[in-house]
Chemist: 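Submitted below is the structure of interest, expressed as structure tokens.
This one's a predicted model, so the numbers in the text were calculated from it and none came from an experiment. Residue numbers count from 1 along this sequence.
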Amino acid sequence: MKEAYVIKIGGNIIDDEEKLSAFLESFAALQNGAARILVHGGGKLATKLAEKAGIAQQLVDGRRITDAETLKIVTMVYAGYINKNIVARLQANGCNAIGLSGADGNAVLAHKRIVSGNTDYGFAGDVDEVNAPLLNTLLEQNFTVVLAPITHDKKGQLLNTNADTIAQETAKALSAFYDVTLIYSFEKSGVLLDAGDDSTVIATINPAAYRELKAAQKIFAGMIPKLDNAFAALDSGVKKVVIGKAEALKQLLSGNAGTTIINE
């Protein structure tokens, strides 16, 4: 099967003008014929605009509580400014991109997250289905798809959805059509033994090593959801998962940087 890359770009890169420009330039320069989908997060712009508008923001375990007013802000920022800014920059670099939210073409269907304990995440969405035939049709027309983390429930309700999860579910869905490599690119060099030392990258992690690292508390908390998503993707047909620094995208794809997650 033809190769496809599903690449998630982290919010800290989106917040850094210089790093974002360098990443998008290297992303656009990938010329090996593989299909490409870029999934982006939101960065800090939504929080800044919400605060300016006097809309209080709440986070529980790093996840945003999305009330009705916050949903308006994140939709405008994620599916609007950030998505179209990335598309325009890719076009400037010769990459014919098309930007979608989950509502466009029914790309990503989700449901409102069920209240857990005392936490109601509001209009946060958990993914039910990715429209792989739609994405495949666009990829076959040589479009690069840029996915914003706004989904819908097919009943008219938009939902704010975790971009890491969208990347994982998109990679899984596309594995019916492609040999898929899922890449989480962010500000760190990979999965680190010491969160404060970028030189302590773990080159390869399999399930046994992951269990040992977690038991020894050698993986910092923010990385655990990424690794859980990585193994879930491998269990569902994704060929390879790589986690690493956005600026080293070419090296991540060639296996010369970052952490490669394997299911053996």
Side-chain angles (χ1 to χ4, degrees), residues 5-27 30 38-48 57-64 119 149 162-172 180-236 238-264:
Y5 299 136
V6 176
I7 301 174
K8 158 64 177 22
I9 179 72
N12 287 335
I13 303 301
I14 288 168
D15 290 329
D16 188 310
E17 182 69 27
E18 191 174 317
K19 288 182 179 178
L20 178 62
S21 291
F23 170 83
L24 293 176
E25 187 175 335
S26 62
F27 178 89
L30 298 175
L38 180 61
V39 180
H40 63 82
K44 296 174 183 170
L45 181 57
T47 301
K48 289 178 183 175
Q57 297 295 283
Q58 290 179 274
L59 294 174
V60 176
D61 296 330
R63 292 181 181 269
R64 189 188 300 271
T119 304
N162 180 270
D164 280 357
T165 304
I166 289 178
Q168 173 208 337
E169 294 295 336
T170 299
K172 285 161 58 176
V180 180
T181 297
L182 171 60
I183 296 176
Y184 292 110
S185 61
F186 66 144
E187 72 279 5
K188 298 286 186 181
S189 292
V191 182
L192 307 177
L193 273 175
D194 178 350
D197 185 350
D198 224 32
S199 69
T200 61
V201 176
I202 305 167
T204 305
I205 297 177
N206 62 20
Y210 184 36
R211 287 192 295 271
E212 289 174 12
L213 288 163
K214 278 202 294 187
Q217 297 184 325
K218 289 185 176 179
I219 292 182
F220 60 97
M223 186 57 70
I224 289 174
K226 276 187 171 61
L227 288 167
D228 287 342
N229 280 343
F231 283 110
L234 291 171
D235 286 338
S236 298
V238 174
K239 189 174 98 176
K240 185 166 65 171
V241 183
V242 184
I243 298 174
K245 194 181 283 287
E247 297 96 307
L249 180 60
K250 192 172 180 182
Q251 292 92 329
L252 292 178
L253 292 173
S254 64
N256 294 317
T259 300
T260 299
I261 314 300
I262 57 175
N263 205 5
E264 57 187 48

Chemist: Walk me through whether V6 and V39 qualify under side-chain contact (heavy atoms from CB on, under 4.5 Å).
Modeler: CA-CA 7 Å; V6 176; V39 180; 4.2 Å; yes
Chemist: Would you compute the distance between atom CG of N256 and atom CD of Q251 and round it to the nearest 0.5 angstrom?
Modeler: 7.0 Å
Chemist: Find the distance between CG (L24) and CG (L38) and round it off to the nearest 0.5 Å.
Modeler: 7.0 Å
Chemist: What distance do I13 atom CD1 and E18 atom CD have between them, rounded to the nearest 0.5 Å?
Modeler: 11.0 Å
Chemist: Using side-chain heavy atoms (C-beta onward) and a distance below 4.5 Å, is T165 in contact with N229?
Modeler: yes
Chemist: Could you give the distance from CD1 (I9) to CG (L20), rounded to the nearest 0.5 Å?
Modeler: 6.5 Å
Chemist: Could you give the distance from OG1 (T200) to CG (L192), rounded to the nearest 0.5 Å?
Modeler: 4.5 Å
Chemist: With sequence neighbours excluded, what pairs up with E25 under the side-chain hydrogen bond (donor to acceptor under 3.5 Å, both in side chains) test?
Modeler: none
Chemist: Can you list the residues that meet the side chain to side chain contact (heavy atoms under 4.5 Å, CB included) rule with E17, with sequence neighbours excluded?
Modeler: S21, R89
Chemist: Output, in order, the C-alpha distance, side-chain angles, deciding distance and verdict of side-chain contact (heavy atoms from CB on, under 4.5 Å) for F186 and N12.
Modeler: CA-CA 7 Å; F186 66 144; N12 287 335; over 6 Å; no
Chemist: Indicate the atoms forming the closest heavy-atom contact of G190 with M223, along with that distance.
Modeler: O-CE, 4.0 Å
Chemist: What residues, two or more places apart in sequence or in another chain, satisfy side chain to side chain contact (heavy atoms under 4.5 Å, CB included) together with L213?
Modeler: L193, I202, I205, K218, I219
Chemist: List for me each residue that meets side chain to side chain contact (heavy atoms under 4.5 Å, CB included) alongside A230, sequence neighbours excluded, and say none if there are none.
Modeler: V241, I261
Chemist: Is a donor on one side and an acceptor on the other found under 3.5 Å between the side chain of S26 and the backbone of L249?
Modeler: no
Chemist: Would you say the side chain of I262 lies within less than 4.5 Å of the side chain of T204, judging by non-hydrogen atoms?
Modeler: yes
Chemist: Can you give me the closest heavy-atom contact between A257 and A248, atom names plus distance?
Modeler: CB-CB, 4.4 Å
Chemist: Can you list everything that forms a salt bridge (Lys or Arg N to Asp or Glu O under 4.0 Å) with K245? Sequence neighbours excluded, please.
Modeler: D198
Chemist: Among residues two or more places apart or on two chains, list those pairs meeting salt bridge (Lys or Arg N to Asp or Glu O under 4.0 Å) that have a residue in residues 186-197.
Modeler: none
Chemist: Say you draw a straight line from CG of L182 to CD1 of I243; how long is it, rounded to the nearest 0.5 Å?
Modeler: 8.5 Å
Chemist: Work out which heavy atom in V201 is nearest to a heavy atom in S189; give both atom names and the distance.
Modeler: CG2-CB, 3.6 Å
Chemist: With sequence neighbours left out, what residues match T47 under side chain to side chain contact (heavy atoms under 4.5 Å, CB included)?
Modeler: E51, Q57, R64
Chemist: So, using ring pair (Phe, Tyr, Trp, His ring centres under 6.0 Å) as the criterion, who are the partners of Y210 when residues are at least two apart?
Modeler: F231
Chemist: Who are the side-chain hydrogen bond (donor to acceptor under 3.5 Å, both in side chains) partners of N263, not counting sequence neighbours?
Modeler: D235
Chemist: Given K172 and V238, is the side-chain contact (heavy atoms from CB on, under 4.5 Å) satisfied, shown in steps?
Modeler: CA-CA 6 Å; K172 285 161 58 176; V238 174; 4.2 Å; yes
Chemist: Please evaluate residues L227 and Y184 with respect to the criterion side-chain contact (heavy atoms from CB on, under 4.5 Å), reporting the C-alpha separation (whole Å), side-chain torsions for both, the decisive distance (0.1 Å), and the verdict.
Modeler: CA-CA 10 Å; L227 288 167; Y184 292 110; over 6 Å; no
Chemist: Residues in salt bridge (Lys or Arg N to Asp or Glu O under 4.0 Å) with K226, at least two apart?
Modeler: D164
Chemist: Return the set of residues passing side-chain hydrogen bond (donor to acceptor under 3.5 Å, both in side chains) with T260 (not counting sequence neighbours), or none when no residue passes.
Modeler: none
Chemist: Measure across D228 and K214 and return the closest heavy-atom pair with its distance rounded to 0.1 Å.
Modeler: OD1-NZ, 4.2 Å
Chemist: Return the set of residues passing side-chain hydrogen bond (donor to acceptor under 3.5 Å, both in side chains) with T119 (not counting sequence neighbours), or none when no residue passes.
Modeler: none
Chemist: State whether the side chain of S185 and the backbone N or O of K8 hold a donor-acceptor pair below 3.5 Å, judged by distance alone.
Modeler: yes
